[in-house]
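The structure appears right after this line, and notes come after that.
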Amino acid sequence: MTAVDRSTGTQTLLYEQLPAADRKWILDQWDSMFPGDDLRFEGRSGNELTIRAYNLGLERKEKQFVYTLPVSK
């Protein structure tokens with residue numbers, strides 16, 4: 001999942017904003033037959049995006065993360 005600043009065109013890969021252990025799990029499990037990062041957009045409140053990560057770790061757990069959009073200049 002990618003966030004794009006429409007005023008500058010800057011792109012941010014949201015999985016790169018996750019804690020290191022969760023980010024590593026997503027990268028280690030990537031499969032070219034089934035591409036995707038198992039992130040789902042859940043909503044926005046002001047400058048905050050709520051994202052849910054699925055299938056993390058051996059337990060296949062879910063985690064919710066909040067990503068704060070950078071302030072446009």
Side-chain angles (χ1 to χ4, degrees):
M1 180 179 296
T2 304
V4 179
D5 182 328
R6 293 186 295 176
S7 63
T8 65
T10 302
Q11 298 181 13
T12 302
L13 295 173
L14 293 178
Y15 79 87
E16 291 179 346
Q17 307 306 309
L18 299 177
D22 295 326
R23 182 174 59 241
K24 181 178 181 339
W25 177 262
I26 288 173
L27 290 174
D28 288 349
Q29 300 307 308
W30 189 80
D31 183 346
S32 62
M33 294 292 292
F34 303 99
D37 54 18
D38 286 325
L39 298 178
R40 305 288 186 275
F41 173 75
E42 294 200 324
R44 177 178 179 172
S45 178
N47 268 4
E48 294 183 338
L49 303 180
T50 303
I51 308 294
R52 183 167 300 275
Y54 290 88
N55 301 320
L56 291 174
L58 296 174
E59 309 85 26
R60 314 295 283 176
K61 62 186 175 182
E62 297 179 13
K63 263 190 185 175
Q64 183 173 313
F65 300 94
V66 174
Y67 172 71
T68 302
L69 297 167
V71 178
S72 295
K73 297 177 183 174

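When a residue number appears, it is its place in the shown sequence, counting from 1. Bear in mind that the values here come from a model prediction, so they are computed numbers and not experimental data.
Smallest separation of non-hydrogen atoms from Ala53 and Leu39: CB-CD2, 3.5 Å.
Not counting sequence neighbours, Thr50 has no partner by the side chain to side chain donor-acceptor pair (under 3.5 Å) test. The salt bridge (Lys or Arg N to Asp or Glu O under 4.0 Å) check on Arg52 picks up Glu42, Glu62, with sequence neighbours excluded.
At a threshold of 4.5 Å between non-hydrogen side-chain atoms, the residues Ile51 and Arg40 do not count as touching.
Although no hydrogens or angles enter the test, the distance criterion places no donor-acceptor pair under 3.5 Å between the side chain of Thr12 and the main chain of Leu14.
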Met1 vs Phe41, test: side chain to side chain contact (heavy atoms under 4.5 Å, CB included). Steps then yes/no. CA-CA 8 Å; Met1 180 179 296; Phe41 173 75; 4.0 Å; yes
Is there a side chain to side chain contact (heavy atoms under 4.5 Å, CB included) between Leu69 and Leu49? Walk through the geometry before answering. CA-CA 7 Å; Leu69 297 167; Leu49 303 180; 3.8 Å; yes
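Remark: Thr68 OG1 to Asn47 CG distance equals 7.5 Å, nearest 0.5 Å.
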